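Data first, discussion second: the structure below is written as structure tokens.
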Amino acid sequence: MKHVDLFKDFLNDVVNLNETRVTALEDSIEAIKSAVKDSDWALKIRSWMPQGSWAHKTIIKPVDQGEFDADLLVFVDPVSGWSAETYVEKLYEVFRANGTYKDKVRRWSHCVTITYANDRKIDVAPCVVNRGGFVRLEVCNRNTGEFEATEPVQYTEWLTERNGYSGSNSFRKVTRLIKYLRDIKTTFTCSSVLLTTILGSRISNLDKDSDAFADTPTALKTVFGRLDDWCQLNPTKPNVNNPFLQSENFAESWTDEQYVNFRERVSTYRGWIDEAYDEADRNERAGPGCLDSAPLDLSGFLPVMLNAGLYGFVVASGGRSPTRATTKPSATVMRPSP
């Protein structure tokens, strides 16, 4: 049983970042832009661009009710003689000199982070355009002193294209659900950029107007099935490259053991999803040996007191927020180390 309306309510009430926080984020972003523009930062700013889950529209509400992360790139012209470290340091100095941000800012390897306690963190990273006369985009690694190639614009456009192929915003909805599964269950490790890339690669132009993406439950079943098929074809950790920058392997964030565990968990959840989707009796149970196994009617996954899978939680909770909070694993790639 699919319970399309319950999935809609579950996304709106539990998974999606609420509109008030989105509005607050957008207001904070504009204030940050103004602060940098009005400062004495000795750089010509070309443009700004959201990055990561915020840009891809796959951002979710933190399951521990804590701070969510948003990434912001500032594209700048190169400055002769500046090292990679200098770009980040000078941006940090801008915020340290500002009364509003001096106690909220911290430096990391590629960015500075503005923290709004108990609500949000905004990572601001300089991206250097066409350094040395070459057509390229580079982020700055303060720790290693290296300029690192990046392709955020094309990557975001690629994900937007995948979402268009799936129709009805299905790719974004499914990605949010699987990220929620990751964070609430904490049974596997997979950074957001890695997970989003793997899921996006499971969708193609052949899916446009396909019954495989007829609604959110069906799309989740389709994508999870393809994800499991991909995992079974890769018994050892594969490369997961940025489609537009083959030198960037997102799977480097995985250990071999983490990938093997991910592969096993995906196989288990795929079985629960398929069984739940095909189950006509709402009173059937999800997953052998579940503690308080939720009904198997396409929501037996993620029950409130937990030990089953994702579909059943929607039915079990009626779309309400879970009572169990967990610590969200880090999924920010712009802030890998202080």
Side-chain angles (χ1 to χ4, degrees), residues 17 19-57 59 67-143 145-157 159-160 193 332-336 338:
L17 191 65
E19 285 302 316
T20 55
R21 297 180 82 176
V22 172
T23 300
L25 169 63
E26 292 171 346
D27 290 344
S28 296
I29 292 294
E30 291 307 312
I32 286 171
K33 291 179 183 179
S34 295
V36 174
K37 180 181 177 182
D38 295 340
S39 74
D40 59 358
W41 198 34
L43 286 171
K44 180 182 177 182
I45 298 173
R46 290 199 174 197
S47 61
W48 299 80
M49 177 187 170
Q51 181 171 273
S53 299
W54 174 39
H56 308 151
K57 302 187 187 327
I59 196 168
E67 296 153 349
F68 68 90
D69 299 324
D71 302 332
L72 182 66
L73 287 176
V74 52
F75 295 97
V76 298
D77 281 348
V79 176
S80 178
W82 276 27
S83 66
E85 179 183 6
T86 304
Y87 287 90
V88 179
E89 288 291 341
K90 292 296 185 181
L91 182 59
Y92 175 70
E93 290 172 8
V94 165
F95 290 108
R96 284 291 296 164
N98 186 296
T100 300
Y101 300 107
K102 65 178 183 178
D103 296 325
K104 293 184 174 72
V105 66
R106 184 177 178 183
R107 285 167 297 187
W108 299 85
S109 59
H110 294 72
C111 66
V112 301
T113 297
I114 310 296
T115 300
Y116 300 80
N118 303 315
D119 189 63
R120 61 196 177 279
K121 293 179 180 178
I122 301 175
D123 297 338
V124 187
C127 184
V128 184
V129 181
N130 300 342
R131 184 177 62 91
F134 297 95
V135 178
R136 58 186 174 181
L137 299 174
E138 296 171 305
V139 291
C140 309
N141 189 326
R142 181 174 70 94
N143 292 350
E146 295 179 343
F147 293 94
E148 298 173 353
T150 186
E151 285 295 345
V153 178
Q154 292 186 80
Y155 179 76
T156 297
E157 290 174 347
L159 289 177
T160 300
V193 67
T332 303
V333 292
M334 275 177 41
R335 188 167 9 105

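By convention here, the first residue in the shown sequence is residue 1. The analysis underlying the following values was restricted to heavy atoms, covering all of them including side chains, and did not include hydrogens, waters or symmetry mates. Every value quoted in this text rests on a predicted model; they were computed, and no experiment measured them.
The number of heavy atoms from other shown groups lying within 6.0 Å of CG (D40) does not exceed 12.
Nearest approach of L137 to C127, heavy atoms of both residues: CB-SG, 3.9 Å. Of all heavy-atom pairs spanning A35 and V94, the tightest one is O-CG1, 4.4 Å. The minimum heavy-atom distance linking N98 with T100 is given by the pair OD1-N, 2.8 Å. Closest non-hydrogen pair, I32 versus I114, comes out as CD1-CG1, 4.1 Å. For the pair I122 and S28, the tightest heavy-atom approach, listed with the atom from each and the gap, is CD1-CB, 3.7 Å. Minimum heavy-atom separation, A70 to L25: CB-CD1, 3.7 Å.
With hydrogens and angles disregarded, a donor-acceptor distance shorter than 3.5 Å links the side chain of R142 to the backbone of W108.
In terms of the ring pair (Phe, Tyr, Trp, His ring centres under 6.0 Å) criterion, residue partners of Y87 (sequence neighbours excluded) are, by chain and number, W82, F147. Scanning for ring pair (Phe, Tyr, Trp, His ring centres under 6.0 Å) contacts around F75 gives an empty result, with sequence neighbours left out. Legend: residues meeting salt bridge (Lys or Arg N to Asp or Glu O under 4.0 Å) with E26, ordered by chain and number and at least two apart, are absent. Judged as a salt bridge (Lys or Arg N to Asp or Glu O under 4.0 Å), and not counting sequence neighbours, the contacts of E138 are R131, R136. A search for salt bridge (Lys or Arg N to Asp or Glu O under 4.0 Å) contacts involving K33 returns E30, not counting sequence neighbours. With sequence neighbours excluded, the residues forming a salt bridge (Lys or Arg N to Asp or Glu O under 4.0 Å) with E93 are K90, listed by chain and number.
Side-chain atoms of T150 and Y155, non-hydrogen and from C-beta on, never get closer than 4.5 Å to each other. Residues P152 and L73 are in side-chain contact: their nearest non-hydrogen atoms beyond the backbone lie under 4.5 Å apart. Contact annotation: the side chain of W54 never approaches that of D69 to less than 4.5 Å [non-hydrogen atoms, C-beta and beyond]. The side-chain heavy atoms of V153 and M49, taken from C-beta on, include a pair separated by under 4.5 Å. The shortest distance between side-chain heavy atoms of V88 and H110 does not fall below 4.5 Å.
For the residue pair T20 and T23, no side-chain donor N or O sits within less than 3.5 Å of a side-chain acceptor on the partner. At a cut-off of 3.5 Å, with distance as the only test, no side-chain donor of S109 or N141 sits close to an acceptor on the other residue.
Summarising the geometry, atom CZ belonging to R120 is positioned 10.0 Å from atom CG belonging to L17; distances are rounded to the nearest 0.5 Å. For the atom pair Y92 OH and T113 OG1, the distance stands at 11.0 Å (nearest 0.5 Å). Distance check, rounded to the nearest 0.5 Å: CZ of R21 to OH of Y116 gives 13.5 Å. With values rounded to the nearest 0.5 angstrom, C140 atom SG is found 11.5 Å from E146 atom CD.
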Discussion item. Let's go through V76 and W41 carefully: what are the C-alpha distance in whole Å and the side-chain angles of both, what is the deciding distance for side-chain contact (heavy atoms from CB on, under 4.5 Å) to 0.1 Å, and is it a yes or a no?
Written reply: CA-CA 11 Å; V76 298; W41 198 34; 3.8 Å; yes

Fill in: Pair K102-R96, side-chain contact (heavy atoms from CB on, under 4.5 Å): steps then yes or no
CA-CA 4 Å; K102 65 178 183 178; R96 284 291 296 164; 4.2 Å; yes

Discussion item. For R46 and N130: C-alpha separation, side-chain torsions, deciding distance, then whether side-chain contact (heavy atoms from CB on, under 4.5 Å) applies.
Written reply: CA-CA 12 Å; R46 290 199 174 197; N130 300 342; 4.2 Å; yes

Item to complete: Step by step, work out the side-chain contact (heavy atoms from CB on, under 4.5 Å) result for V112 and D123.
Response: CA-CA 6 Å; V112 301; D123 297 338; over 6 Å; no

